*Asks:* 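This structure is in structure tokens; I'll ask about it shortly.
Throughout, numbering of the chain's residues begins at 1 and tracks the sequence. Values reported hereafter were calculated over all heavy atoms of this structure, with side chains retained and with hydrogens, waters and symmetry mates removed. All ligand and atom numbering here is 1-based and tracks the order in the structure. Predicted, not measured: the structure shown is a model, and the values here were computed from it.
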Amino acid sequence: MKYWQEREETMSVEEREAFQLERMQSTLNRAYKNVDFYKKKFDETGIKSDSVKELADIATLPFTTKQDLRDNYPYGMFAVPLRDIVRIHSSSGTTGKPTVVGYTRADLENWKDLVARIIIAGGADEQDIVHVAFTYGLFTGGFGLHYGAEHIGASVIPVSSGNTARQIGIMQDYRSTVLVSTPSYALHIAETLSKMGLNKNDLHLKTGLFGSEPWGEKIRQEIEDKLGIDAVDNYGLSELMGPGIAGECLEKSGLHVNEDHFYVEIIDPETLKPLPIGEKGELVITTLKREAMPLIRYRTRDVTRLYREKCACGRTLIKMEKPRGRTDDMIIVNGVNVYPSQVAEALESVNGASPHFMMVVSKKGVLDELEIQIEVSEALFFDEMKKQKSLMEELVRVFQQAILIKPRVKLVMPKTLERFEGKAKRVIDNRKPE
Ligand code: DLL
């Protein structure tokens, strides 16, 4: 079995908890001393920076939210002077100001190590030729995976995003063995490949490290089949570092969280109370080693579940389920809360429908109407009216079961829904804001 940092990845839970506590206490101290935002917040709520005596005490501290980062734009959350910052990234978001993320030299070293762990866990090594099709720039995906892959000694091709036909040419000529991208872009590559009259045997890929957006087992299967690879998931968010927070090993049964650097909790997003391990809720993360921008109980808005199990890979790091939804991508249709992830999950149970869908919400009179557009195969679309009808009926039924409202279902031709090089967009909301 290969590891990047064997000791950290395989130590006993008890030993790791001792490290976590020590690092948590020092993070709180530094945040209190060096970040006005935290000093004020602690003072206001009467919390002492030494009030954490054991790990569970973290639950007594207030949360940090994306709004807090926006309010302290651009550098207000930094715990070190700007001269110690050696890299800046940011996350754009769709509304409001971007959030700015700073790294010290030590933060960059740790970032490289954590991404390296994930790359190795996913089955790649120094022999590999790693094709990075994430955008390079303020987005953390490109640089994050790039430096991690270089760190393990792989040959890295910084292709970045765009021009898929050219990317395929490069993969053929340079014999790329590992593809790094979003899962939707991997599917787009597979489709473009077949449009070009090529197939997986014309490439040399063996592994795909995909992340940055939710994806399920059906998409994994499709990517693995069409590209002939092992497709593994990795998770992160820019506010906390970028990629490198968690990643799957080849068991493909949950993402190992790098919990020696990130303390993870699950809370009930309504009551904000911590939930016991194993329950589904919102992931909250406290950084344990970060110098430039320590974050305490950061609300990720991602919905997942944490669990400990003996993993065949030997890693003792806690696992998280593939995050499939956010507490804030919810849309409300006629008073009912709907998550795109529920639709994606329901789709997985239906044979004959592709995983490509778009939810279109509009007003019909005073009521909302939800239409779910789904791509189906050309054969089904043109020839087989009867099959088409029964598929539509089945889709309406499973969706209604999943989201508790009855959507209209529209079958569309293959490849008519927009493909995304970055994150896939699953909702078009045509309703006018009130
Ligand atoms: O997407 C960082 C990243 C880059 C992760 C490359 C993995 C690979 P942001 O742009 O800040 O950062 O978006 C973070 O994307 O809160 C999740 O909602 C979602 N997300 C990221 N990875 C996954 C994943 C990067 N594997 C937000 N599964 C997060 C599901 C994911 N959702």
Side-chain angles (χ1 to χ4, degrees), residues 64-66 69-70 88-94 96 98-101 103 111 114-119 121-122 130 132-149 158 160-161 178-186 208-217 219-220 223 231-249 252 254-258 262 264 269 280 282-285 293 295 298-305 319-330 339-341 344-345 355 420-427:
T64 308
T65 64
K66 198 172 180 100
L69 304 196
R70 291 205 182 106
I88 288 170
H89 281 281
S90 84
S91 92
S92 54
T94 43
T99 49
V100 177
V101 195
Y103 304 75
W111 193 14
L114 298 189
V115 175
R117 286 187 196 177
I118 278 159
I119 296 176
V130 181
V132 182
F134 274 131
T135 311
Y136 281 69
L138 288 175
F139 174 59
T140 51
F143 282 100
L145 268 302
H146 177 104
Y147 282 107
S160 197
S161 56
V178 178
L179 173 62
V180 171
S181 70
T182 59
S184 24
Y185 192 57
L209 298 163
F210 305 120
S212 173
E213 66 181 9
W215 54 306
E217 291 306 324
I219 295 186
R220 187 195 319 257
I223 297 175
V232 291
D233 193 5
N234 71 95
Y235 165 89
L237 58 164
S238 23
E239 296 92 308
L240 290 157
M241 182 167 79
I245 294 179
E248 278 181 327
C249 61
K252 301 178 195 165
L255 291 82
H256 287 287
V257 181
N258 282 321
F262 300 99
V264 278
K280 206 169 187 140
E282 182 181 324
L283 179 70
V284 167
I285 300 183
M293 205 170 121
L295 291 183
Y298 185 72
R299 289 190 61 183
T300 66
R301 304 281 175 175
D302 290 312
V303 176
T304 184
R305 200 171 71 80
K319 280 187 176 178
M320 76 183 223
E321 213 168 74
K322 283 166 89 56
R324 295 301 300 270
R326 292 177 55 85
T327 53
D328 61 357
D329 70 356
M330 185 181 80
Y339 294 91
S341 58
E345 260 175 43
F420 298 89
E421 286 180 4
K423 284 176 203 302
K425 190 176 165 220
R426 300 293 187 199
V427 181

*Asks:* Going by the order shown, which atoms of ligand 1 are within less than 4.0 Å of some heavy atom of Gly141?
*Replies:* 4 (C), 6 (C)
*Asks:* For Val115, which residues count as a side-chain contact (heavy atoms from CB on, under 4.5 Å) partner, sequence neighbours excluded?
*Replies:* Trp111, Ile119, Leu145
*Asks:* What do we get for Asp233 next to ligand 1 when only non-hydrogen atoms under 4.0 Å count, side chain, backbone, both or neither?
*Replies:* side chain
*Asks:* For ligand 1, which part of Leu255 has a heavy atom less than 4.0 Å away: the side chain, the backbone, both, or neither?
*Replies:* neither
*Asks:* Under 4.0 Å from any heavy atom of Asp302, which atoms of ligand 1 are there?
*Replies:* 16 (O), 17 (C), 18 (O), 29 (C)
*Asks:* For Thr327 and Glu282, test the side chains for any donor-to-acceptor distance below 3.5 angstrom and give the result as yes or no.
*Replies:* yes
*Asks:* Looking only at protein heavy atoms, identify the closest one to atom 2 (C) of ligand 1 and say how far it is in Å.
*Replies:* Gly236 O, 3.5 Å
*Asks:* Enumerate the atoms of ligand 1 whose separation from the nearest heavy atom of Asn234 is less than 4.0 angstrom.
*Replies:* 7 (C), 8 (C), 22 (N), 24 (C), 26 (N)
*Asks:* Using the side-chain hydrogen bond (donor to acceptor under 3.5 Å, both in side chains) rule, pick out the option among Arg299, His89, Lys66 that qualifies with Glu239.
*Replies:* Lys66
*Asks:* I'd like to know whether ligand 1 has Phe139 as a neighbour, heavy-atom separation below 4.0 Å.
*Replies:* yes
*Asks:* Who's the nearest protein heavy-atom neighbour of atom 1 (O) of ligand 1, and how far?
*Replies:* Ser212 OG, 3.1 Å
*Asks:* Quick one: which residue pairs count as a salt bridge (Lys or Arg N to Asp or Glu O under 4.0 Å) with a foot in residues 134-147, not counting sequence neighbours?
*Replies:* none
*Asks:* Could you check whether any heavy atom of Glu213 sits closer than 4.0 Å to an atom of ligand 1, since that is the contact criterion I want to use?
*Replies:* yes
*Asks:* With atoms numbered from 1 as shown, which atoms in ligand 1 lie under 4.0 angstrom from a non-hydrogen atom of Thr140?
*Replies:* 2 (C)
*Asks:* Please write down residue, atom name and distance for the protein heavy atom closest to atom 15 (O) of ligand 1.
*Replies:* Lys423 NZ, 3.3 Å
*Asks:* May I ask whether Gly144 places a heavy atom under 4.0 Å from ligand 1?
*Replies:* no
*Asks:* Heavy-atom contacts with Phe134 under 4.0 Å: which atoms of ligand 1 show up? List them by number with element.
*Replies:* 6 (C), 8 (C)
*Asks:* Under 4.0 Å from ligand 1, counting heavy atoms only, is it the side chain of Arg301, its backbone, both or neither?
*Replies:* neither
*Asks:* Would you mind checking if Arg220 and Glu248 are paired as a salt bridge, meaning a charged N to carboxylate O distance below 4.0 Å?
*Replies:* yes
*Asks:* Ring-plane angle category for Phe143 and His146, please: parallel below 30°, perpendicular beyond 60°, tilted otherwise.
*Replies:* tilted
*Asks:* Does Glu213 use its side chain to pair, donor to acceptor, with the backbone of Ser184 at less than 3.5 Å?
*Replies:* yes
*Asks:* Between Glu217 and Lys252, is there a side-chain N and carboxylate O pair less than 4.0 Å apart?
*Replies:* no
*Asks:* Suppose I only count heavy atoms of Ser238 and a 4.0 Å limit; which atoms of ligand 1 are within that range?
*Replies:* 9 (P), 11 (O), 12 (O)
*Asks:* Taking atom types as modelled and ignoring hydrogens, do the side chains of Ser161 and Thr135 form a donor-acceptor contact shorter than 3.5 angstrom?
*Replies:* yes
*Asks:* Heavy-atom contacts with Glu239 under 4.0 Å: which atoms of ligand 1 show up? List them by number with element.
*Replies:* 11 (O)
*Asks:* Please confirm whether the ring centroid of Phe139 lies under 6.0 Å from the ring centroid of Phe134.
*Replies:* yes
